[in-house]
Amino acid sequence: METAANIVALWPRWMDSAGDMLRMKALVRTRCCKCGTLMRAELEDIVARHGSDYSLVDKLERCRMVECDGSTFYLASRTYGREWVTLLRDPRLMKMFEELPPVRTAWS
């Protein structure tokens with residue numbers, strides 16, 4: 001019998017690197033595990049800082065909200081109206097982000 005730990009997610013190739021995502025004009029967001037804030041991530045900025053081969057999978061950054069010291073993870077969507085995919089594969093990170101606060105946006 002297979003468990004969730006034995007299942008490997010197969011992701012589209014355009015999610016392999018920030019450069020591929022930029023070329024496909026994919027949408028990228030970050031979500032904070034502490035305050036719940038959902039923010040746009042600019043792929044041009046990510047590629048400029050880390051290079052086009054940089055993968056967003058399992059990458060964490062500090063939350064950019066004032067006075068929040070939480071960690072953010074990345075989500076991606078091919079275009080508006082499509083499903084958002086959480087870019088986490090590491091089971092430890094997935095477990096860490098199982099319980100999240102409600103999503104906050106600029107309009108929340």
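As the structure is a computational prediction, the values presented were derived from the model and not from experiment. For the single chain, residues carry numbers from 1 onward in sequence order.
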- Mark yes or no for whether Thr86, through its side chain, and Leu88, through its backbone, hold a donor-acceptor pair below 3.5 Å. no
- Message: Less than 4.5 Å apart, side chain to side chain, heavy atoms only: is that true for Phe73 and Leu75?
- Response: yes
- Contact check, side chains of Ser17 and Ser55, non-hydrogen atoms, under 4.5 Å: no
- Message: salt bridge (Lys or Arg N to Asp or Glu O under 4.0 Å) for Glu61 and Arg49? Distances and angles first, verdict last.
- Response: CA-CA 13 Å; Glu61 289 196 14; Arg49 285 187 291 140; 3.6 Å; yes
- Is it true that Met24 and Met15 fall in one hydrophobic cluster, defined by side-chain heavy atoms closer than 4.5 Å? yes
- Closest contact, heavy atoms only, Thr72 versus Arg62: OG1-O, 4.2 Å
- Grab the two heavy atoms, one from Ala76 and one from Trp14, that are nearest each other, plus how far apart they are. CB-CZ3, 4.3 Å
- Over all atoms of both residues, closest heavy-atom pair of Arg31 and Leu38: CB-CD1, 4.0 Å
- CE of Met94 to CZ of Arg89: how many Å apart, nearest 0.5 Å? 11.0 Å
- Message: Would you say that Cys32 contacts Ser71 through its side chain, given a criterion of any heavy-atom pair below 4.5 Å between the two side chains?
- Response: no
- Below 4.5 Å, heavy atoms only, C-beta onward: do Tyr54 and Ile46 meet side chain to side chain? yes
- Message: Let me check something: do Val103 and Val66 share a hydrophobic cluster, defined by ILVMFWY side-chain heavy atoms less than 4.5 Å apart, either directly or through other members?
- Response: no
- Query: Is there a side-chain contact between Met65 and Arg104 (heavy atoms, below 4.5 Å)?
  - Reply: yes
- Message: Before you tell me yes or no, could you show the steps for Glu44 and Leu22 under side chain to side chain contact (heavy atoms under 4.5 Å, CB included), namely the whole-Å CA-CA distance, both residues' side-chain angles and the distance that decides it to 0.1 Å?
- Response: CA-CA 7 Å; Glu44 293 87 353; Leu22 180 60; 3.7 Å; yes
- Task: Grab the two heavy atoms, one from Leu43 and one from Ala18, that are nearest each other, plus how far apart they are.
- Result: CD2-O, 4.1 Å
- Query: So, do Leu87 and Met21 sit near enough that their side-chain heavy atoms are less than 4.5 Å apart?
  - Reply: yes
- Does the side chain of Met39 reach to within under 4.5 Å of the side chain of Arg64, using non-hydrogen atoms? yes
- Item | Minimal non-hydrogen separation, Gly70 against Lys34, with atom names | CA-CB, 3.8 Å
- Answer yes or no: is there a side-chain heavy-atom contact under 4.5 Å between Arg29 and Tyr74? no
- So if you build clusters from Ile, Leu, Val, Met, Phe, Trp, Tyr with side-chain heavy-atom gaps below 4.5 Å, do Leu60 and Leu100 land together? yes
- Closest approach of Pro101 to Gly36 (non-hydrogen atoms, all atoms of both residues): CG-N, 3.4 Å
- Run the side chain to side chain contact (heavy atoms under 4.5 Å, CB included) check on Leu27 and Trp84 step by step: do they pass? CA-CA 9 Å; Leu27 305 172; Trp84 287 90; 3.5 Å; yes
- Query: Between CE of Met96 and SG of Cys33, what distance do you get to the nearest 0.5 Å?
  - Reply: 5.5 Å
- Task: Could you list the residues that satisfy salt bridge (charged side-chain N to carboxylate O under 4.0 Å, His left out) with Lys95, not counting sequence neighbours?
- Result: Glu98
- One should read off an interatomic distance between Arg92 CZ and Asp58 CG, to the nearest 0.5 angstrom, of 9.0 Å
